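Just so you know, these numbers use all the heavy atoms, side chains as well, and skip hydrogens, waters and symmetry mates. A, B, ... follow the sequence lines: proteins, then strands. Residue 1 opens every chain. For clarity, every value in this text was computed on a predicted model and none was experimentally measured.
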Amino acid sequence: MNNAQVAEALEEIADLLDFTGANPFRVRAYRNGARAVRDLAEHVSVLAGEGKAQLQQIPGIGADLADKIIGLVETQEIPLLNELRAQIPASVLALLRVPGLGSKKAAVLHKELAITNLADLKDACEAGRVRVLKGFGAKTEQTILAGLEIAGAAEERLLWADADVFAQELLAWLQADPTVEQIEAAGSYRRGRETVGDLDLLVVSQQPPQVMDRLALQQSVAQVLARGDTKMSVRLRNGLQVDLRVVPAESFGAALQYFTGSKEHNVEIRSRAKACGLKINEYGVYRDDVYLAGRTEADVYSTLALPWFPPELREARREFEWAAGPGLPRLITVNDLRGDLHMHTTATDGQATLREMVAAAAARGLEYIAITDHSKRVSMANGLDGPRLREQWAAIDALNRSGEFPTLTVLKGVEVDILERGGLDLPDDVLAEADWVVASIHYGQNQPRVQIMARLFDALRSPHVSAIAHPTGRLINRRQPYDVDLPELIRGAAEHGKLLELNANPMRLDLDDTACAAARDQGVPIVISTDAHSVDGLLKMRYGVLQARRAGLTPQAVANTRGWNELKGLIGRASTA
DNA sequence: GCCGTTTTCGGCCCGACTGTTTTCAGTCG
């Protein structure tokens, strides 16, 4: 039973309790518990084995949830969950995904009309049976029908990189309005989440209606969902919802703080404010209704004796602990990175030649790059065998010697496949000649965990391997990662002195922020690499950096902030953490 | 159900907008 499964069970209890009209704070307690377990770097099942007291160390897990988790780990079930499932069909929970339907209205639909799934709901709306219910009306019925389309359309969150395109477009569009004095995008986009569910835009203007009119005219806006004096919501053609808030200048910082979130971070902030006799809302910080601050975020935080938090840290994980103790980490930036250690060329499945990649990297100011084309097992990509690889390495030697790119060192590398039956795809004598070897799994991804781990440890034990590339095999929104025991992999990397790669491809980011933080805590250096298959691919570094920032990584925690000679010294050196 | 530099009980962030209401509940972020 892994953390995700335990978290899912607690989340399901929260959903079902919510549906039954349970105490909302009890519902929230289950949700908080689920989140705490999901964010845990260790195995919750291991902690459960060590006893109740261990589990209760986790913030958000009390005596009751600890018992339930222990029971779940031991018996694979939670009696409360079984009872709730018997009471409420699983398909009913789908109703909660319809925008505009919360637990209260959904429960009424289930109870009064015996609606158990989305198809029932559609029928009932079309037959006019919903509008006659108490608290519902014709308008609600229409809202539900419109919402059903969205719920049905497999509501997918946008990748941050895709949301970024729309955010920049909308910001530029609104910026052109002369009454717009300040503008910023907030929400999960500003926090740099891997995926973004909606965009929050914040504007200072003396003329809110004019700004709202302008937003409605933007070419990608399909529909205005709601519009008031200060707030407007629209839906873009691609389905993305955009919320616009117009606030006075003295409230801009408070509103930016508020709408950046996360929700959990804000709950903590407001609780603290309340404890000091202050009130914080999106308009400012108040004592007895007297305005104290709100113009900038730093002003707001300083009323609570807190530092300004980089948005990437605002998840109510460890930022408050850091603020109270050692101070916030100096987060890594793109400019800290001096090399890129994973990229492909036309020798295998890349779109640019060796020379083109090298020229682009030099133009970007990188000090070193490793060319890491695929090995022969990856036949679809025309992977390299020993002779072809040595041929490429000879070309790299010649390029380095030529002096054509004096500021850039090109390293002889390879992305060697970890074979299905274990072992590496190239002989030791070839790998021994490389400057840099990343090992990764491409085939046999459905194998059981023990087998996957055995293969990964084959790579960790090889004296020639420098780093494990895409250690979880995750593809966001696409495919389940392979079954890897991440804490064990991190321990193995620490023991054998290997690095772990954070793939900067925004569709991969296969070490999530929790995993990055766990590696940091175990003293395993992270290497952020683009895995570029084209010249433009080299620009993706910033997506990986965003992920590293969310994990609170400093430049010291990331290997390729160092010069190549220093980085080389990290490989094979067992961690001291 | 969790939690405690006022508390082991009584709190738990706060406001905008909508629709169905004649003063407010539900939903959302």
Side-chain angles (χ1 to χ4, degrees), chain A residues 10 13-14 17-18 21-36 55-69 78 80 95-109 130-144 146-147 186-191 196-202 208 212 224-233 241-247 251 254-255 257-286 300 304-305 316 324:
Chain A
L10 297 179
I13 291 178
L17 280 176
D18 194 7
N23 176 351
F25 297 109
R26 186 178 173 213
V27 174
R28 196 168 86 184
Y30 276 96
R31 291 201 202 286
N32 286 342
R35 196 177 84 102
L55 287 176
Q56 286 190 255
Q57 294 295 309
I58 305 167
I61 304 291
D64 187 273
L65 285 184
D67 280 336
K68 288 198 167 68
I69 291 170
I78 301 178
L80 172 63
L95 302 185
L96 297 175
R97 291 206 307 271
V98 178
L101 274 190
S103 59
K104 296 287 192 300
K105 280 199 159 71
V108 170
L109 291 167
V130 169
R131 73 182 69 167
V132 298
L133 294 172
K134 185 175 167 57
F136 292 72
K139 194 88 184 217
T140 312
E141 209 171 63
Q142 285 309 307
T143 308
I144 292 173
S188 57
Y189 168 74
R190 181 162 180 247
R191 301 201 309 281
V196 173
D198 58 24
L199 276 179
D200 299 285
L201 304 180
L202 203 60
M212 293 183 185
V224 176
L225 300 171
R227 177 169 170 167
D229 294 338
T230 63
K231 186 184 169 187
M232 176 181 186
S233 295
Q241 182 172 328
V242 179
D243 297 321
L244 171 72
R245 295 293 287 242
V246 187
V247 298
S251 297
Q257 193 286 320
Y258 178 74
F259 289 106
T260 296
S262 66
K263 189 176 168 198
E264 290 78 8
H265 178 88
N266 284 354
V267 168
E268 178 66 28
I269 292 289
R270 281 152 197 258
S271 301
R272 284 173 184 241
K274 199 164 181 175
C276 321
L278 299 173
K279 188 174 76 168
I280 297 186
N281 57 29
E282 57 261 55
Y283 300 108
V285 185
Y286 299 85
V300 172
L304 299 175

Inset, instruction - Return the nucleotide paired to B:dC2: Watson-Crick means purine N1 to pyrimidine N3 with N6-O4 or O6-N4, wobble means G-U with N1-O2 and O6-N3, both under 3.5 Å. - result: B:dG11
Inset, instruction - Please state whether the phosphate of B:dG1, meaning OP1 or OP2, lies under 4.0 angstrom from any side-chain nitrogen or oxygen of A:R26. - result: yes
Inset, instruction - Nearest whole angstrom, please: distance from the C1' of B:dG1 to the CZ of A:R31. - result: 13 Å
Inset, instruction - Rounded to whole angstrom, note down the P distance from B:dC17 over to B:dC13. - result: 22 Å
Legend entry - Nearest heavy atoms of A:I61 and A:A66, plus distance in Å: CG2-N, 3.7 Å
Inset, instruction - Please state the C1' separation for the pair B:dT8 and B:dC3 - nearest whole angstrom. - result: 9 Å
Legend entry - Close side-chain approach of A:N266 to A:Y258, heavy-atom, < 4.5 Å: yes
Legend entry - Per-nucleotide protein contact string for nucleotides 18-26 of chain B, where B marks a base within reach and S marks sugar-phosphate only (heavy atoms under 4.0 Å, - for neither): SSS-----S
Legend entry - Between C1' of B:dG29 and OH of A:Y258, the distance in whole Å: 6 Å
Inset, instruction - Supply the atom-to-atom distance A:Q56 CD to A:D64 CG, rounded to the nearest 0.5 angstrom. - result: 10.0 Å
Between the protein and nucleotides 7-12 of chain B, list the N/O to N/O atom pairs that are separated by less than 3.5 angstrom.
| from | atom 1 | to | atom 2 | distance (Å) |
| --- | --- | --- | --- | --- |
| B:dC12 | OP1 | A:K274 | NZ | 2.2 |

Legend entry - Whole angstrom value for the distance that separates C1' of B:dG1 from CZ of A:R35: 16 Å
Inset, instruction - Taking ring-ring contact (aromatic ring centres under 6.0 Å, His included) as the test, write out the residues that go with A:Y30, two or more places apart. - result: none
Inset, instruction - Could you check whether A:Y283 gets within reach of a base, just the sugar-phosphate, or nothing at all, counting any heavy atom under 4.0 Å? - result: sugar-phosphate
Legend entry - Rounded P spacing from B:dG10 to B:dG15 in Å: 25 Å
Which atom pairs, one a donor and one an acceptor, fall under 3.5 Å between side chains of residues 134-142 of chain A and the rest of the protein, sequence neighbours left out?
| from | atom 1 | to | atom 2 | distance (Å) |
| --- | --- | --- | --- | --- |
| A:T140 | OG1 | A:G137 | N | 3.4 |
| A:E141 | OE1 | A:R131 | NE | 2.9 |
| A:E141 | OE1 | A:R131 | NH2 | 2.8 |
| A:E141 | OE2 | A:V130 | N | 3.2 |
| A:E141 | OE2 | A:R131 | N | 2.9 |

Legend entry - Rounded distance in Å - CG (A:L17) to C1' (B:dG1): 10 Å
Inset, instruction - Report yes or no: does A:S188 contribute a side-chain atom to a donor-acceptor pair with the main-chain N or O of A:R191 at less than 3.5 Å? - result: no
Legend entry - Below 4.0 Å: OP1/OP2 of B:dG15 and any side-chain N or O of A:N281: yes
Inset, instruction - Take atom C1' in B:dA16 and the same atom in B:dG11, then report the distance between them in whole Å. - result: 25 Å
Inset, instruction - Report yes if the side chains of A:I269 and A:Q257 come closer than 4.5 Å at any heavy-atom pair, otherwise no. - result: yes
Inset, instruction - Would you kindly compare A:D229 and A:A29 by the position of their nearest DNA chain B nucleotide and give the one closer to the 5′ end? - result: A:A29
Inset, instruction - Looking at every strand, decide which applies to A:I269 at a 4.0 Å heavy-atom threshold: base, sugar-phosphate, or nothing. - result: nothing
Legend entry - Euclidean distance for P, B:dG1 against B:dT7 (whole angstrom): 25 Å
Inset, instruction - Output all residues satisfying salt bridge (charged side-chain N to carboxylate O under 4.0 Å, His left out) with A:R31, sequence neighbours left out; order by chain, then residue number. - result: A:E11, A:D15, A:D18
Inset, instruction - Ignoring backbone atoms, test whether A:K279 places a side-chain nitrogen or oxygen under 4.0 Å from the OP1 or OP2 oxygen of B:dG15. - result: yes
Legend entry - A:K68 vs B:dG1: side-chain N/O to OP1/OP2 distance below 4.0 Å: yes
Legend entry - Nearest-angstrom distance, P atom, B:dT21 to B:dC9: 43 Å
Legend entry - C1' spacing across the pair B:dT20 / B:dT27, given as an integer number of angstrom: 14 Å
Legend entry - Gap between atoms CD1 and C1', on A:I61 and B:dC2 respectively (whole Å): 10 Å
Inset, instruction - Respond yes when some side-chain nitrogen or oxygen of A:Y286 is under 4.0 Å from OP1 or OP2 of B:dC14, and no when none is. - result: no
Legend entry - Of the listed nucleotides B:dG29, B:dA16, B:dG1, the one nearest the side chain of A:R245: B:dA16
Inset, instruction - Decide yes or no for A:D229 and A:P208: does some side-chain heavy atom of the first lie under 4.5 Å from some side-chain heavy atom of the second? - result: no
Legend entry - Spacing between A:R97 atom CZ and B:dC28 atom P, to the nearest angstrom: 13 Å
Legend entry - P spacing across the pair B:dT6 / B:dA25, given as an integer number of angstrom: 33 Å
Inset, instruction - Take atom CD of A:E268 and atom P of B:dG4, then tell me their distance rounded to the nearest Å. - result: 10 Å
Legend entry - Whole-Å gap separating C1' (B:dC14) and NE2 (A:H265): 15 Å
List the atom pairs, with distances to 0.1 Å, where a side-chain N or O of residues 273-286 of chain A and a protein N or O form a donor-acceptor pair under 3.5 Å, not counting sequence neighbours.
| from | atom 1 | to | atom 2 | distance (Å) |
| --- | --- | --- | --- | --- |
| A:N281 | OD1 | A:Y283 | N | 2.8 |
| A:N281 | OD1 | A:G284 | N | 3.2 |
| A:E282 | OE2 | A:R245 | NH2 | 3.2 |

Inset, instruction - Between A:A66 and A:E282, just flag the one whose closest nucleotide in DNA chain B comes earlier from the 5' side. - result: A:A66
Inset, instruction - Indicate, with a heavy-atom threshold strictly under 4.0 Å, whether A:P24 touches base, sugar-phosphate, or nothing. - result: nothing
Inset, instruction - Indicate yes or no: at least one non-hydrogen side-chain atom of A:L133 is less than 4.5 angstrom from one of A:L109. - result: yes
Inset, instruction - To the nearest 0.5 angstrom, please state how far the OG atom of A:S103 sits from the CG atom of A:L95. - result: 11.5 Å
